[in-house]
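Please see the structure below; I have some questions.
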Amino acid sequence: MISALLPNFNRANLAFDHGEGVWLFDSEGRRYLDFGAGIATSSLGHAHPHLVGAIAEQAGRVIHVSNLYRVPQAERLAARFVAASFADSVFFCNSGAEANEALVKAMRKAHADAGRPERTRLICFEGAFHGRTLAMISATGNPKYLAGFGKPVEGFDHVPFNDLAAVRAAITPETAGIFIEPIQGEGGIRAATPEFLRGLRGICDEAGLFLGFDEVQTGMGRTGRLFAHQWAGVEPDAATLAKGIGGGFPMAAMLARERVAKALVPGSHGTTFGGGPLACAAGNAVLDVILADGFLDQLNGTAAYLRAGLEALRGRHPRVFTEIRGQGLLLGLKCVVSNTDLQAAALEEGLLTVGAGDNVLRLLPPLIVTRADCDEALRRLEAATIRLAGITAAAK
Ligand SMILES: *Cc1c(COP(=O)(O)O)cnc(C)c1O
């Protein structure tokens with residue numbers, strides 16, 4: 001018989017009771033070092049006093065009012081994003097897939113409003129992940145996610161990642177824009193080169209297309225800048241944020257230049273929950289921390305320290321993983337052993353990690369992680385590596 005909770009996830013048999021900083025505690029009091037952060041989401045770690053205080057304070061005032069009224073918390077958060085980014089305007093919603101839907105709708109309608117209604121198609125990339133709604137499984141394009149759900153939603157053309165010639169060849173009179181993750185997260189921490197992102201900007205400018213970045217995983221400081229695209233110095237016309245934006249509180253955003261944002265007029269798009277007072281109080285609290293003077297500099301220092309430790313580990317255990325990918329605290333270990341075996345061995349050592357495509361194991365600690373936490377993670381990862389190497393040797 002099916003379980004009461006719909007069994008659509010492969011869950012570890014582990015339930016957490018509470019957390020503190022980079023640690024999670026199960027009901028027996030065993031503690032786990034959280035280098036998964038709920039898939040890059042618990043950006044401030046667990047029970048961060050500033051975030052908890054902001055949520056509790058707002059919950060005690062008013063949780064929800066609807067978008068029938070002004071929401072000062074949302075106005076403030078949007079203004080802060082506009083001040084800190086390429087964007088002129090921000091739409092808030094509840095999940096990454098939903099933010100991506102808003103981006104696709106805004107790009108299509110901006111063309112339609114400008115007298116180009118035929119421009120509805122977006123060029124997307126092999127290895128992408130954009131979410132689980134019907135349109136976003138089509139934008140993702142992975143046959144594994146499309147199987148059984150009927151004809152894919154029209155309008156998404158896929159080309160190889162980091163291949164400018166393929167992008168150029170895929171442009172037709174119906175192309176509206178290009179949609180890409182600056183670093184593919186679920187796909188295995190595969191980074192677009194800065195030259196590729198700059199090339200995409202050039203193509204979009206030449207052909208009158210919109211450039212969209214899915215920064216659901218890479219955004220909100222995860223790579224050491226507020227947005228990953230800032231490393232390449234390339235500005236999009238629209239970008240999405242979700243995972244880390246509320247520090248674990250569900251929320252998301254679609255940021256856009258005026259030429260795209262202005263397409264979403266009253267009646268054209270909406271949301272019941274999106275941009276509510278509670279979510280935006282959480283978002284503002286997270287920004288307070290991330291935008292504080294020196295926070296991202298410190299993060300980059302810690303990330304370089306972690307990476308150096310991982311490089312040393314890789315040198316000692318070349319039969320376990322061969323390559324360290326990613327930027328900032330969005331890191332992937334390209335495994336020789338199965339990534340799920342390494343993940344399981346790490347869990348045995350009390351270290352939480354996340355798998356990814358391309359046989360990669362992701363390390364995504366909370367952004368508040370310290371060098372001492374990294375030392376502890378490296379110790380546990382090495383113990384897992386040795387444990388796994390022992391098992392592998394014994395099996396041979
Ligand atoms: C997680 C993710 C999504 C989907 O976000 P949901 O909140 O699960 O809808 C979309 N794009 C990227 C890059 C992601 O990592």
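Hydrogens, waters and symmetry mates are skipped; everything else that's a heavy atom, side chains included, is used. Just follow the structure's listing: the first ligand is 1, and inside any ligand the first atom is 1.
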Check your understanding: Taking the six-membered ring for Trp, are Y145 and F129 ring centroids under 6.0 Å apart?
Key -> yes
Exercise for review: For the pair R379 and D375, find out whether any cationic side-chain nitrogen is under 4.0 Å from an anionic carboxylate oxygen.
Suggested key: no
Revision key, fill the gap. Atom 12 (C) of ligand 1: closest protein heavy atom, distance to 0.1 Å, is F129 O, 3.4 Å
**Study point:** Structural part of T240 in contact with ligand 1, heavy atom criterion under 4.0 angstrom
**Key:** neither
Exercise for review: Report the relative orientation of the aromatic rings in H50 and H48; use parallel for angles under 30°, tilted for 30 to 60°, perpendicular for over 60°.
Suggested key: perpendicular
Revision key, fill the gap. E181 heavy atoms within 4.0 Å reach ligand 1 at atoms 13 (C)
Practice item. Starting from atom 6 (P) of ligand 1, locate the nearest protein heavy atom and write down its residue, its atom name and how far away it is, to 0.1 Å. Key: G96 N, 3.4 Å
Review point. Are D237 and R201 within salt-bridge range, i.e. N to O under 4.0 Å?
Key: yes
Point to revise | Proximal ligand 1 atoms for S95, defined as those under 4.0 Å from one of its heavy atoms | key: 7 (O), 9 (O)
Exercise for review: Please state which part of K243 comes within less than 4.0 Å of ligand 1, counting heavy atoms only: side chain, backbone, both or neither.
Suggested key: side chain
Check your understanding: What's the shortest distance from atom 9 (O) of ligand 1 to any protein heavy atom, and which residue and atom give it?
Key -> A97 N, 2.8 Å
Check your understanding: Can you check whether F156 and H130 have ring centres sitting under 6.0 Å from each other?
Key -> no
Check your understanding: Please state which protein non-hydrogen atom is closest to atom 11 (N) of ligand 1 and give its distance, to 0.1 Å?
Key -> D214 OD2, 2.8 Å
Point to revise | Ring geometry between F91 and H269 (parallel below 30°, tilted from 30 to 60°, perpendicular above 60°) | key: tilted
Check your understanding: Any idea which part of H130 is under 4.0 Å from ligand 1, heavy-atom wise: side chain, backbone, both or neither?
Key -> backbone
Check your understanding: Is the ring centre of F125 less than 6.0 Å from the ring centre of F196?
Key -> yes
